[in-house]
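What you are looking at is a predicted structure, and each value in this text was computed from that prediction instead of being measured. Order of the sequence lines fixes the chain letters, A, B, ..., with proteins taken first and strands second; residue numbering starts at 1 for each chain.
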Number of protein chains: 2
Amino acid sequence: MPTIKDVAKLAGVSISTASYALNDQPNVHPETKARILHAAKELSYHPHGIARNLKKRQTNNVGVFIYAFAGPVFSETLEGIRQTLQEHDFNIIVSSGTSSMNLLLERQVDGAIVFDNHISDDVLKHYAAHGMPLIVLDRLIQEENIYTSLIDNESLVYHLMSDMIKKGYQRLAYLAGPENAFNNRMRYVGFEKALKEHRLTPFGYFQGDFTIQGGYHIGKELIKRKNRPDFIFCANDESAIGLMQALKESNIRIPEDIAVAGFDHIAIGQLITPKLTTISIDHKAWGKMVAKVMIDILKGEKVTRSFRPEGKVLVNESC
Amino acid sequence: MPTIKDVAKLAGVSISTASYALNDQPNVHPETKARILHAAKELSYHPHGIARNLKKRQTNNVGVFIYAFAGPVFSETLEGIRQTLQEHDFNIIVSSGTSSMNLLLERQVDGAIVFDNHISDDVLKHYAAHGMPLIVLDRLIQEENIYTSLIDNESLVYHLMSDMIKKGYQRLAYLAGPENAFNNRMRYVGFEKALKEHRLTPFGYFQGDFTIQGGYHIGKELIKRKNRPDFIFCANDESAIGLMQALKESNIRIPEDIAVAGFDHIAIGQLITPKLTTISIDHKAWGKMVAKVMIDILKGEKVTRSFRPEGKVLVNESC
DNA sequence: TTGTAAGCGTTATCAG
DNA sequence: CTGATAACGCTTACAA
């Protein structure tokens, strides 16, 4: 592969002049510049990013570290992040598993957006302490260089549940996501709070895993019982969709026999019958917002340490 | 951030000795090594990947370039790729849009798995010619350093359609994906071939886009017609699911009134009623396979230039 | 077993 | 406006 040295030689200039020309510096004679650019094209030269990154001590890469590549929520958020980063000439690097750690440890990114609880607080704090800006979306960490953006889970679920209780539902169950998931825990807090306020106790707690399949299995278990809830709040839409599928297969009417609600407002939820009541988060907008904050941080501009995506209760046919 | 220089100084050795020790070279005295390792821990030193990559002229990163972050198919394939790369100590870097191009051009990856028709053949050929190994999953390119792994779309769809024609379906329509998508085009070829062999002509061709929403809209259009197909092959499961949703909402019976089949065998397709007839591709296994080939290439081992994921027809309730 | 020094491909400082 | 030259942080002959 051609290097800047080859370009300089072909154009008959020094390496530094070539570098100036290629980087659009104003201090190089138009004619020389043309010659250099031409030589570069001739050789189809492209700067070696690694070398540039080493010298400049920055990569222009933003890491997005997620615990899995699955799910409509991630898709949309990632797409939002991607768009905004692209507009500002940053590269998006999505990774998962040990790769994420490596990329962080080896500083192959200038900053990272983290949605992966496999990366410990300590690691995050350590790199933040060394100047790596981090935006964390799945937990709360108070630390220099660590920013958090969290969904207002508690309050949103609280409002939804309060509405439902007013509507008359009484035997209220919760279909949970993974126990260690921040979003799941906070959603449960909101759920419980609403019930407590009305002197109700949870009618059931089912352990799901945020997936359609998980919700489906819970549904299949549920129909074996005789004593069923009249309302199930699901910690996300995907569980809700799986659950509804199972209920429908047993001819349990939604919402007449059991009402269901979810969280996220993913597209499929609005295509099924009955349309899913849910809490709408604009994930794409959130992604854009998060990316914009990261860019501002990297450009040295002042940003708020904590910011939220918007969310609102969306009552539909399933309740 | 501490550098190897700091470690060397703290341990009272030269930089090269520190490097040897840190890289587990056998030529360093156990005691010295211990001292160095201790110093490294003390400073919580981690090598600067960029510098190492520059020197070694390799990154240990494999790029996976996709045209969008959406969809269950990508999720599973990516997860397979991730697992295998991780097992062999390579980092996975997933990217999309202009970032992909940058990472490729700037050689921040050692090789790339490409599923993004926004990256032109010419660019791919150019980098391949300069020694960058590429595995392309969405088109056929014959070129040194470019490997292809393609689903056997044509033959699989051909078999499915032949079976359906034998079952007695006569008015056979095709719900397409994006026109420029390789998979869509090849699936149509198989569809047409089966029809031709039985002297049938396609009853309809609907332009979809591989999404649930797209299929749903087609379905909504379809029910306005009086003259309907009795079988619709959908270029992927997601379109099929959207289509079925729309049909069900209008109380059109599946398969009695209209039969439906898809392609991919995604999880939701087997949770809905009726269960979707489809062509099953084990995407996770495919991802693993692709990653393994990439690793072999990078390790200089011999590999086949072209390989396929397995697929099979899976007849279910929807036909 | 350890140290010296060259060099990976850039950018940036400083003279000319 | 252009050119030497020194880094960036690491690996790796080669020398000691």
Please report the distance, rounded to the nearest Å, between [atom1] in [X] and [atom2] in [N].
X: B/Lys56; N: D/dT11; atom1: NZ; atom2: C1'; result: 8 Å
X: B/Tyr45; N: D/dG9; atom1: OH; atom2: P; result: 10 Å
X: A/Ile15; N: C/dC8; atom1: CD1; atom2: C1'; result: 12 Å
X: B/Arg35; N: C/dG3; atom1: CZ; atom2: C1'; result: 14 Å
X: A/Lys55; N: D/dC8; atom1: NZ; atom2: P; result: 7 Å
X: B/Leu22; N: D/dT11; atom1: CG; atom2: P; result: 8 Å
X: A/Gln58; N: C/dT11; atom1: CD; atom2: C1'; result: 12 Å
X: B/Gln25; N: D/dT12; atom1: CD; atom2: C1'; result: 9 Å

With a 4.0 Å cut-off on heavy atoms, is B/Asn23 in touch with a base, just the backbone sugar-phosphate, or nothing at all?
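Sugar-phosphate: the residue B/Asn23, judged by heavy atoms under 4.0 Å, touches backbone atoms but no base.
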At under 4.0 Å between heavy atoms, what does A/Ile50 touch on the DNA or RNA strands: base, sugar-phosphate, or nothing?
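A/Ile50: no heavy atom of the nucleic acid under 4.0 Å.
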[X] side chain N/O closer than 4.0 Å to the phosphate oxygens (OP1, OP2) of [N]?
X: A/Thr32; N: D/dT2; result: yes
X: A/Ser19; N: C/dT10; result: no
X: B/Arg57; N: C/dG9; result: yes

Quick check for you: among [options], whose closest atom lies nearest to any side-chain atom of [X]?
X: B/Ser16; options: D/dT2, D/dC10, C/dA5; value: C/dA5
X: B/Thr3; options: D/dT2, C/dT11, D/dG9; value: D/dG9
X: A/Asn27; options: D/dT12, D/dT2, C/dG3; value: D/dT2
X: A/Ser14; options: D/dA4, C/dG3, C/dT13; value: D/dA4
X: B/Arg52; options: C/dT4, D/dC1, D/dT11; value: D/dT11
X: B/Leu54; options: D/dA4, C/dG9, D/dT2; value: C/dG9
X: B/Ala51; options: D/dC10, D/dC8, C/dA5; value: D/dC10

Considering heavy-atom distances to DNA chain C, does A/His46 or B/Tyr20 have its closest nucleotide positioned more toward the 5' end?
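That would be B/Tyr20.
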A/Thr17 or B/Gly12: which one's nearest nucleotide on DNA chain C is closer to the 5' end?
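Result of the comparison: B/Gly12.
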Do you know the tightest heavy-atom contact between A/Ile92 and A/Arg82?
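Smallest heavy-atom distance, with atoms named: CG2-CG, 3.7 Å.
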Taking the six-membered ring for Trp, are B/Tyr67 and B/Phe74 closer than 6.0 Å centroid to centroid?
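Yes, the ring centres sit under 6.0 Å apart.
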Run A/Lys125 and A/Ile146 through side-chain contact (heavy atoms from CB on, under 4.5 Å) and show every step you take.
CA-CA 8 Å; A/Lys125 283 181 188 166; A/Ile146 300 187; 4.3 Å; yes
Going by side-chain hydrogen bond (donor to acceptor under 3.5 Å, both in side chains), B/Thr59 matches just one of B/Asn53, B/Asn91, B/Asp110. Which one?
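The single option meeting the side-chain hydrogen bond (donor to acceptor under 3.5 Å, both in side chains) with B/Thr59 is B/Asp110.
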Side chain A/Asn61, main chain A/Val109, donor-acceptor under 3.5 Å:
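Such a contact is absent between A/Asn61 side chain and A/Val109 backbone.
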If you draw a 6.0 Å radius around CD in B/Glu310, do more than 12 non-hydrogen atoms from other residues or ligands fall strictly inside?
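Not more than 12 within 6.0 Å, no.
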